[in-house]
Every structure is written in structure tokens, then in C-alpha cells.
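Please read the structure below before turning to the comments.
Each chain gets a letter, A, B and so on, in the order its sequence line appears, and its residues count up from 1.
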There are 2 protein chains.
Amino acid sequence: MARGSTRPTSRDVARAAGVSQAAVSLVLGDKWRGRVAETTAERVREAALELGYRPNLAARNLRLGHTRTVLLVVPALTTEFFAGVYTGAARVAAEHGFGVVLYPSPEGIGPARDPFHSAQAALDGVLASSMAADALTAIRGDQLPLVMLDSDPRGSLGAATVNLDIADGVRQITDHLLGLGHRHFLHLAADIPSWTFAVRAHELTTRLATVPGTAVRTIHAPITIEGAQQATTAALTGPGPHPTALVCDDDKLATGAYKAIRRMGLHIPDDLSVTGLDDLALATAIDPELTTVRLDAELFGERGMQALLAVLDGRTPTKGDIPVQLVVRGSTAPPRTRP
Amino acid sequence: MARGSTRPTSRDVARAAGVSQAAVSLVLGDKWRGRVAETTAERVREAALELGYRPNLAARNLRLGHTRTVLLVVPALTTEFFAGVYTGAARVAAEHGFGVVLYPSPEGIGPARDPFHSAQAALDGVLASSMAADALTAIRGDQLPLVMLDSDPRGSLGAATVNLDIADGVRQITDHLLGLGHRHFLHLAADIPSWTFAVRAHELTTRLATVPGTAVRTIHAPITIEGAQQATTAALTGPGPHPTALVCDDDKLATGAYKAIRRMGLHIPDDLSVTGLDDLALATAIDPELTTVRLDAELFGERGMQALLAVLDGRTPTKGDIPVQLVVRGSTAPPRTRP
DNA sequence: CGGGCGACGTTATACGTAACACTTCCGGCG
DNA sequence: CGCCGGAAGTGTTACGTATAACGTCGCCCG
């Protein structure tokens with residue numbers, strides 16, 4: 001980990017390349033046309049790459065007096081609406097060389113005053129969802145302390161992980177459906193190669209493998225209402241035996257499935273039992289209300305942050321998955337006919 | 001605006017208070033017990049307040065070598081789930097003197113690589129939703145260039161505004177319902193004192209005032225499914241004439257109203273027409289699909305950012321509200337009986 | 001043949017803050 | 001009377017970067 005070694009500065013790069021710090025600044029700042037020889041510039045770039053040099057943005061901002069960064073204040077994160085606002089704003093900003101930082105105005109507690117403290121400068125550490133895995137390559141570029149959320153404990157690059165006990169949630173769902181008498185399952189899975197979804201599939205299939213006479217078929221869909229609807233329609237109108245229970249990877253997928261099932265003139269739960277996972281507000285907005293597994297998102301966030309603070313402090317984060325709870329509602333019932 | 005005047009530094013405060021810069025740092029850093037006299041400390045604090053001094057965090061971070069700021073990487077903003085994660089993380093972080101900055105990993109385009117550029121240092125400007133009005137007092141504390149989203153063009157402290165043409169959207173809804181034959185309206189309004197909601201109420205009532213024989217009653221509810229459900233239930237079970245059309249301030253409120261109406265055994269749209277505003281994914285997830293007004297959130301974000309960039313550039317942002325579009329779906333129909 | 005200019009760099013400085021090391025003043029104590 | 005120690009500050013430096021100002025050297029042109 002090289003805990004004690006400090007980050008290389010432009011002067012270190014200069015020493016390594018045998019030039020002055022100013023030359024490094026010119027080359028890396030792309031201001032060297034006609035000021036530095038091509039061969040020298042190349043030497044500097046090599047040295048920078050070699051040392052893994054990253055400019056200290058605090059210093060740069062101090063020197064420059066500006067940051068090309070803008071703050072977007074939004075009422076809360078719950079609204080899809082402001083997600084779109086962010087996307088559009090970030091796109092335009094990026095085209096102009098600006099970055100956007102989000103400040104969700106506090107709902108309830110939170111850092112009430114001084115949003116600017118929140119929106120400051122370089123980072124001491126990173127808390128990352130495994131679903132944002134593509135961004136992690138960039139993150140590994142820096143040597144920042146990292147804690148992963150809902151990620152494979154083995155194979156997280158040595159980073160600490162904080163996980164919800166998703167496996168137990170899936171076990172609870174499966175046992176609930178088995179107890180009702182279901183034997184033919186359809187698994188509506190997210191088409192994202194993330195550990196948190198892999199766990200769902202693994203747990204469902206291994207659990208069912210212990211019960212004779214069961215069958216499960218898996219279909220994949222993007223995590224959108226439309227995507228789930230299409231996938232469900234395709235699966236249910238095809239040939240083969242009809243499932244009596246539909247296990248969805250999350251509540252949003254379940255909502256899409258609801259639409260597909262409704263369009264086909266079928267009834268939930270009489271013709272088909274449906275389960276979700278998350279327990280979003282959505283789960284009780286749809287009819288019938290969804291049987292799902294409640295994840296305590298706030299606790300998850302708290303535990304994640306505590307782990308990161310521990311790492312920053314040189315301590316070892318406490319282990320232990322966060323428990324989850326099955327919530328039975330109107331979308332599950334015994335199958336109408338025994339096959 | 002004092003465009004040219006630069007921000008006061010700790011040395012300016014020192015000069016004004018007749019002490020050294022070091023003393024200012026001690027006093028404002030709360031490290032002065034036994035090092036500076038109480039009367040002197042008070043003089044420094046007064047001078048700082050007088051000049052509106054704010055420490056330059058880029059300089060502080062450079063000096064300190066850390067930022068007490070942490071990055072939370074989330075898959076996207078659309079999920080309520082990660083809103084909870086943020087809330088919990090931000091609470092714990094605040095308790096430890098840490099701030100949290102959000103980096104929503106890009107969906108589609110966006111600033112793909114280098115999230116750290118996005119998460120950098122102090123701010124050049126602010127883009128603020130009027131719904132986050134409470135945070136604005138803090139924002140006005142600094143002299144940052146500001147652009148307001150969906151805010152009263154008059155009375156925004158001289159800041160530029162970028163607005164959706166909400167008034168026209170409400171007009172389209174009202175005309176649609178009037179055209180179907182509705183005369184008795186119920187208005188389910190958000191209980192937030194924000195301009196964007198005030199516009200809805202104003203436009204609905206003034207439009208109906210021009211049509212003889214119409215009546216409208218307004219009830220307020222928090223923007224949650226539960227809150228809307230309770231308010232709707234209370235309004236519909238009370239005495240008085242029954243409305244045939246329910247106009248909701250947004251799609252989420254409409255979803256809560258759906259639940260209330262369903263629980264009462266009434267049918268949409270036969271017994272009651274319902275409208276929303278936003279056109280979230282939610283609007284087509286519920287049954288029947290919701291007649292609502294589509295807001296182009298991304299365009300809104302783009303226009304807002306363009307305006308802010310213009311201000312930063314010393315230019316005057318282009319004026320003009322962003323058009324919106326009525327989307328008619330299954331939740332509206334002619335009233336069953338003419339009163 | 002001299003001087004100027006372009007190529008190729010370097011030296012020095014400033015951004016605003018925090019903190020270490022140092023000075024001065026004064027009261028008290030042996 | 002001498003000196004010690006705490007209170008009340010001040011002088012100075014360093015954090016890492018970008019850039020303006022300044023050399024140096026060879027070559028070409030008048």
C-alpha cells in the first residue's frame with residue numbers, strides 16, 4: 001500500500017527527468033509549443049507516468065484562483081427529475097471543461113449550513129458502490145483509501161467492503177415462496193455484471209437445488225420499467241411451462257413486470273406471484289402492493305462511512321453484513337393449481 | 001455586485017484589526033486559548049465579520065494536506081435507494097467533521113473519466129433550484145455568481161433565472177379538463193413555499209376564474225406518497241360537493257392520490273379524473289397511466305448551465321422559458337354525470 | 001562581421017493559509 | 001535584586017503549482 005510514501009510532486013518529476021519544475025508544468029500543462037524540445041517533453045511525460053504523478057489540485061486552484069467547477073444544489077436525491085437536470089448540466093459543463101459537484105440539500109439532518117465545506121477540494125478517501133465499477137479504474141489511479149459498498153469481499157483489490165446481507169434476503173424470499181407451494185420460478189435479473197446481482201442469482205439457484213421438483217428459468221433485463229416489461233412479456237408469451245412465481249432482482253424490475261402481466265390480462269397474485277427487492281416507495285404505490293425485502297439504505301450508508309473513517313484512521317473496519325428483512329404484502333399467494 | 005473587488009484574505013482582516021495574519025489564523029481557527037487576549041480576539045472576529053471574510057479553502061487544503069472531504073460514488077441519481085445511502089453517509093460524516101461530495105457516475109455521456117476533476121475544490125458559481133431555498137442564505141453569504149432554477153424572475157436577488165414554462169403546462173391541463181366537461185376541481189398542492197408551486201396554484205385559479213360555473217378547492221400535502229394519500233382520503237370523505245377532476249402538483253402526489261382513491265373503491269377515470277406534472281417513470285407505472293405534463297429535465301439542466309457559464313463569462317444569459325407538453329393518458333375522461 | 005532572433009530552457013515569485021520558533025512584557029518568588 | 005515563566009503576540013516558512021521575466025547559444029541575414 002505504501003502508506004507512508006507521500007505523493008510525488010512536479011518537482012519530483014522534474015528531478016527524475018533532469019529538468020526544472022517549470023518545464024514540467026509547461027509540458028504537462030500543454031503550454032510547451034516552441035518552448036521545450038519534443039524529446040525533452042517526452043522525457044518529462046515518461047517520468048510523470050513512471051512516478052504516477054497527479055497534480056495537486058489544491059495547489060493548482062490556489063495558484064489559478066479558479067476551479068472550473070460548479071455547484072448544483074438540488075432539493076433531494078429522491079427525484080428522478082433532478083437526476084435528469086444533473087445529466088444535462090454535467091454534459092454541457094463537460095463540454096466547457098467544467099466539472100459538476102452535487103450538493104443534495106439536507107433532508108432532515110445532514111450538514112445543514114455551509115454547503116461549501118461539503119463541496120471542497122481534493123479527497124481523503126472514496127466510498128464506492130460496486131455498481132459504479134467502471135469508475136473504479138480511474139479511482140485506482142490515485143492511491144486513495146477506498147471502501148466498497150456491496151462488493152465481493154474477495155477480489156476487491158484489498159479494499160474493505162461493507163455489504164448488505166442480500167444472500168439472506170433472497171433466502172427469505174425463496175423460502176416464503178416455497179412455503180406457499182410454488183415450484184416453478186422465473187427469475188427476472190438485472191443485466192448488470194455487478195456482484196450484488198450475482199449474489200441474487202447464485203443464492204436462488206443453490207437454494208432451489210436442494211428442493212426436488214423445482215425449476216427456475218432466468219431472464220435478463222436492463223433496470224428500467226420498460227426493459228423489465230419487455231423481457232417479462234417475451235418470457236411469458238413464449239412456449240414451455242408457465243411459472244407461478246416471478247422473482248425480480250429489484251422493485252423497479254418488478255414494477256415493469258407488473259405492467260407486462262397486466263397487459264396480458266393476468267392477475268397478481270392469483271395467476272402469478274411477484275417479489276421485488278429494496279422496498280422503495282414504489283413498492284406500495286403499485287397494485288397490489290409488492291412483497292419484497294427491505295434494505296436499510298441509511299444504515300448501509302452509515303456503516304460504509306464508519307468503515308471509511310476507520311481506514312482513514314489506520315484502524316481495521318468492523319466486519320459483519322447488514323441484516324435485511326422480508327416484507328410480505330399482497331403480491332404473493334399460493335399458486336392456483338398444483339402442477 | 002462589486003465584480004472587480006477580490007475576496008478579502010486573512011491578511012486584510014489582520015490589517016483591519018491591527019494584528020498579524022498569524023493572530024487571525026489562531027483566532028479564527030479556535031486555537032487561541034492562552035495565546036491571544038479575549039479583547040483582541042473579539043476585535044479580530046469583528047473585523048472578519050465586517051469584511052465578510054471567508055477562508056480560501058484551496059489554500060487551507062494546500063497547507064493542511066487533507067480536506068476532511070470524502071467522495072461517494074453512486075451508480076446514478078435515479079435510485080431512491082442511494083438517496084438513503086447518501087443521507088446516512090452524510091450524517092455520520094458531518095458528525096466527524098467531514099463533508100460529502102457526490103459523484104453520480106455518468107449515465108450515457110457525462111464526464112466519463114477523471115471523477116476527481118469533477119470533485120475539486122472551491123466553486124466558481126452556483127446553480128440552485130428554488131426548492132432548495134433554505135440553502136440560499138448560506139450561498140448568499142459568499143459572493144458567488146448564481147443562477148436560479150425555476151424561481152421567481154422578480155425577487156431572485158438580482159440573480160438570473162432559468163424557468164420551465166410551468167404556467168403554460170397548468171394552462172394545458174386545465175383546458176384539457178375543461179374541454180372534457182369538468183367543472184368541479186380539487187387541487188392537491190405541495191406544502192412547500194416555493195415559487196414553482198405557487199405558479200401552479202395561481203395559474204389554475206386564474207384560468208378557472210374566467211369560466212362561469214367552475215369551482216376549485218385546494219388541499220396541501222407533503223410531497224410523499226403517504227402524505228398525498230392521507231390528504232386525498234380526508235378531502236374525499238369529507239362533506240360538500242364531490243369533485244370530478246383532481247389536479248396534482250406533481251406525479252408523486254398523483255400516485256398517492258391513486259392509492260387513496262383505490263382504497264375508497266372508486267375508479268379512475270370514471271369516478272374521478274386525475275392529472276400529474278413531471279412525467280416521471282412513475283407516471284406509466286401506475287394503473288391507469290397518468291395524464292401529465294412532460295418536463296424536459298435534461299434541457300432544463302443544459303439551459304441552466306449555459307446561463308451560469310454566460311454569467312461567469314460576463315455575458316447576459318439569454319431569456320425565454322422552456323416549453324412543456326401535455327401528455328394525455330388513461331387517467332382523464334369526461335365526467336360521468338353533469339352536475 | 002555584428003547583431004538580432006528563435007529555440008530551449010531556468011530562476012524567481014506569488015497564491016492564502018497554518019504552525020513552529022521566537023520575542024517582549026510583566027508579575028511573582030526566592 | 002535577579003530571574004523564571006506565562007501571557008500575548010509577531011516573523012517566517014512551507015505547502016505545490018503556473019507563469020512572467022530572464023538567460024544562453026547558435027545561426028542567418030544585412
Side-chain angles (χ1 to χ4, degrees), chain A residues 5-45 47-48 51-68 97 116-117 120-124 142, chain B residues 5-45 47-48 51-68 97 116-117 120-124 142:
Chain A
S5 77
T6 178
R7 271 173 53 163
T9 75
S10 63
R11 211 174 315 266
D12 294 330
V13 175
R15 246 190 304 271
V19 296
S20 72
Q21 178 266 329
V24 173
S25 183
L26 288 176
V27 171
L28 268 33
D30 216 35
K31 287 282 173 196
W32 58 283
R33 305 154 267 241
R35 318 254 296 112
V36 174
E38 170 57 41
T39 59
T40 310
E42 186 53 32
R43 201 148 32 92
V44 168
R45 281 189 289 258
L51 296 180
Y53 169 70
R54 301 262 172 161
N56 179 323
L57 297 216
R60 170 180 293 172
N61 291 338
L62 174 59
R63 174 68 231 251
L64 258 23
H66 66 247
T67 66
R68 311 271 112 182
F116 300 96
H117 173 262
Q120 282 306 332
L123 308 160
D124 284 354
D142 294 67
Chain B
S5 77
T6 180
R7 272 174 54 165
T9 75
S10 63
R11 209 174 316 265
D12 294 329
V13 176
R15 245 191 305 271
V19 296
S20 72
Q21 178 266 330
V24 173
S25 182
L26 287 175
V27 172
L28 268 34
D30 215 35
K31 287 285 171 194
W32 59 281
R33 305 155 268 241
R35 317 259 293 115
V36 174
E38 171 57 41
T39 59
T40 310
E42 186 53 31
R43 200 147 34 90
V44 169
R45 281 189 289 258
L51 296 180
Y53 169 71
R54 302 260 171 162
N56 180 323
L57 297 216
R60 169 179 295 172
N61 291 337
L62 174 59
R63 176 68 234 250
L64 257 25
H66 65 247
T67 66
R68 310 271 111 181
F116 300 95
H117 172 263
Q120 283 305 333
L123 308 161
D124 285 352
D142 295 67

Exercise for review: Only counting residues at least two apart or in another chain, list the ones meeting salt bridge (Lys or Arg N to Asp or Glu O under 4.0 Å) with A:R15.
Suggested key: A:D12
Check your understanding: Could you state the CD-P distance from B:E42 to D:dA8, rounded to the nearest angstrom?
Key -> 15 Å
Check your understanding: How many angstroms lie between atom CG of B:L57 and atom CG of B:L62, to the nearest 0.5 angstrom?
Key -> 12.0 Å
Study note, to complete from the structure: Smallest heavy-atom separation, A:A58 atom then B:N61 atom, equals CB-CB, 4.0 Å
**Study point:** Whole-Å distance separating the CG atom of A:N61 from the C1' atom of D:dC15
**Key:** 14 Å
Exercise for review: For A:R60 and C:dA14, give me the distance from atom CZ to atom P, rounded to whole Å.
Suggested key: 22 Å
Review point. Which of residues 31-40 of chain B have a heavy atom under 4.0 Å from DNA chain C?
Key: B:R35
Review point. Rounded to the nearest Å, what distance is computed from the CG atom of residue B:L62 to the C1' atom of nucleotide D:dC15?
Key: 4 Å
Review point. D:dG16 phosphate, OP1 or OP2: any side-chain N/O from A:S10 under 4.0 angstrom?
Key: no
**Study point:** Rounded distance (Å) that lies between atom P of D:dG16 and atom CG of A:L51
**Key:** 14 Å
Check your understanding: Is any side-chain heavy atom of A:T9 less than 4.5 Å from a side-chain heavy atom of A:N56?
Key -> no
Point to revise | Within residues 11-27 of chain A, residues whose heavy atoms come under 4.0 Å of DNA chain D | key: A:R11, A:Q21, A:A22, A:S25
